[in-house]
2 protein chains.
Amino acid sequence: MKQAKAERIDTANGILDVAEHLVQVRGFNAFSYADVARELGLTNAALHYHFPSKAELGEALIARYAVRFAGALVEIDESLADPLRKLDAYAELYAEVLRSHRMCLCGMLAAEYETLSSGMQDAVALFFEKNEKWLAGVLRQGRDDGTLRFTGSAIEEARSIVSSLEGAMLIARSFGDIKRFQSAASHLLTAIRP
Amino acid sequence: MKQAKAERIDTANGILDVAEHLVQVRGFNAFSYADVARELGLTNAALHYHFPSKAELGEALIARYAVRFAGALVEIDESLADPLRKLDAYAELYAEVLRSHRMCLCGMLAAEYETLSSGMQDAVALFFEKNEKWLAGVLRQGRDDGTLRFTGSAIEEARSIVSSLEGAMLIARSFGDIKRFQSAASHLLTAIRP
DNA sequence: GTCTATAGGCAGATAGAC
DNA sequence: GTCTATCTGCCTATAGAC
């Protein structure tokens with residue numbers, strides 16, 4: 001009763017799915033509306049109906065990705081209590097992305113940062129900040145209950161972890177070698193065990 | 001006596017200079033021959049004389065960058081003996097790049113990896129491997145003389161360091177904040193002090 | 001070595017019919 | 001919502017004169 005005509009599922013989301021994949025594999029500047037349209041059996045013009053400009057598509061892409069990521073963090077908080085296990089689960093989020101031969105969406109966009117609309121730039125920075133804040137919370141919890149040990153402030157440690165994971169993804173992709181990422185991630189988590 | 005007509009200095013190198021800057025700031029897929037030609041007061045066609053295809057330009061770019069980087073590593077080896085100081089100097093190479101608002105050339109290309117010619121792909125991977133091998137050597141030296149301490153193998157630690165530095169650059173650029181990089185770098189080096 | 005001129009294609013985007 | 005048709009502009013690349 002909600003929709004008179006049920007589309008493929010939801011065209012706008014289908015566009016976002018395909019575009020997201022293309023950005024994560026090739027980058028924002030290396031895919032076109034035509035690439036997405038072809039994949040969905042639509043035309044260029046149909047895409048412009050849903051997302052009038054490429055910048056708007058890009059902003060929608062980050063917004064949806066950020067919401068999904070935030071949801072994953074909530075799920076970790078609800079299902080795990082031990083800070084060290086939370087960090088493991090966090091690193092596993094990255095590993096999953098890498099397994100599908102993708103780069104983190106915002107990590108990819110960070111490389112292309114200078115070419116993005118200001119709306120996209122702000123959204124990318126916000127994504128990293130939210131990740132860092134969540135991680136800092138976990139780190140504080142671990143330091144307080146004695147399950148984690150690190151030097152410096154929690155936010156500094158959090159930034160260091162996000163940087164390392166993004167960098168490990170970036171380079172592992174150049175070698176088509178997920179083990180490189182896994183090794184870097186476990187090294188990172190070993191270092192903060194007491 | 002060497003050249004009948006001394007050019008601006010050397011057109012091919014001037015092209016590489018401008019292209020390198022554009023790639024490090026915007027990415028390989030976000031600059032054009034026209035961008036470079038405009039900057040140098042040349043035409044599109046003149047660039048194609050020196051670098052027939054964009055892929056060949058890209059390969060020359062990485063080759064020159066890799067040689068320059070290798071030279072910097074030799075200089076570190078010749079001027080510093082202490083492994084910890086060598087690592088400091090290594091991180092400083094990255095900091096210098098970041099200060100000019102650039103990403104590491106190969107870090108940028110790693111993001112765009114899937115869109116590169118196979119020649120460029122191989123050269124990017126080789127760049128990282130050479131860096132890792134050099135770093136592993138420094139780490140072994142430090143472990144042997146007791147100035148460094150780390151868990152796992154030297155090559156694993158080296159990969160972890162390269163990943164972290166590249167990731168820290170990537171993200172620091174999104175915040176226009178070099179201190180973010182400095183903080184991550186010093187955190188990294190503090191962690192391997194005995 | 002560098003130029004003018006141009007080919008041929010693809011990019012993002014819009015108008016208007018259905 | 002999706003289509004066809006089309007615009008304008010930029011892209012990489014080449015031919016041939018100087």
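Quantities reported herein were computed from a predicted structural model and do not represent experimental measurements. We name chains A, B, ... by the order of the sequence lines, and we start the count at 1 in each one.
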>> Students often mix this up, so state it plainly: with edges at 30° and 60°, are the rings of A:Phe69 and A:Phe127 parallel, tilted or perpendicular?
In response: perpendicular
>> Does the Lys NZ or Arg CZ of A:Arg180 fall within the cation-pi geometry relative to A:Phe175 - under 6.0 Å from the ring centre and within 45° of the axis?
In response: yes
> Once you build an axis from the first five pairs and another from the last five of the helix from C:dG1-D:dC18 to C:dC18-D:dG1, how far apart in angle are they, to 10 degrees?
Replying inline: 0°
>> Measure CZ/A:Phe28 against P/C:dA11 and give the value in whole Å, please.
In response: 14 Å
> Atom CG of B:Asn13 and atom P of C:dG1: how far apart are they, to the nearest Å?
Replying inline: 13 Å
> Quick one: B:Arg38 CZ to D:dC11 C1', roughly how many Å, whole number?
Replying inline: 12 Å
> Which one of A:Val18, A:Asp35, A:Asp17 satisfies the side-chain contact (heavy atoms from CB on, under 4.5 Å) criterion with A:Leu40?
Replying inline: A:Val18
>> What is the distance, to the nearest angstrom, from the CG atom on B:Asn29 to the P atom on C:dC10?
In response: 16 Å
> Run the salt bridge (Lys or Arg N to Asp or Glu O under 4.0 Å) check on B:Glu132 and B:Arg159 step by step: do they pass?
Replying inline: CA-CA 6 Å; B:Glu132 291 163 359; B:Arg159 285 177 181 170; 3.6 Å; yes
>> From C-beta outward on B:Tyr33, which listed nucleotide comes closest to its side chain: C:dT4, C:dT14, D:dA13?
In response: D:dA13
>> A side-chain contact here means heavy atoms from C-beta on lying under 4.5 Å apart; do B:Phe150 and B:Ile161 qualify?
In response: no
> In terms of side-chain heavy atoms of B:Ala45, which of D:dT4, D:dT14, C:dA13 is nearest?
Replying inline: D:dT14
>> With a cut-off of less than 4.0 Å, is there a side-chain N or O of B:Ser32 near OP1 or OP2 of D:dC10?
In response: no
>> Check this for me: does any side-chain nitrogen of one of B:Arg64 and B:Glu20 sit under 4.0 Å from a carboxylate oxygen of the other?
In response: yes
>> More than 12 heavy atoms of other residues, nucleotides or ligands under 6.0 Å from CD of A:Glu92: yes or no?
In response: yes
> With side chains defined as the heavy atoms from C-beta onward, is the minimum distance between A:Leu93 and A:Val97 less than 4.5 Å?
Replying inline: no
> Does A:Lys54 reach the side chain of A:Phe28, with side-chain heavy atoms less than 4.5 Å apart?
Replying inline: yes
> Which residues within residues 46-54 of chain B lie with some heavy atom under 4.0 Å of an atom in DNA chain C?
Replying inline: B:Ala46, B:Tyr49, B:His50
> How many Å lie between CZ on B:Phe31 and P on D:dC10, as a whole number?
Replying inline: 17 Å
> Counting side-chain heavy atoms from C-beta on, which of D:dT2, D:dA13, D:dC3 comes nearest to A:Thr11?
Replying inline: D:dT2
> Taking CG from A:Leu40 and P from D:dG1, how many angstroms apart are they, rounded to a whole number?
Replying inline: 15 Å
> D:dC3 phosphate, OP1 or OP2: any side-chain N/O from A:Thr43 under 4.0 angstrom?
Replying inline: yes
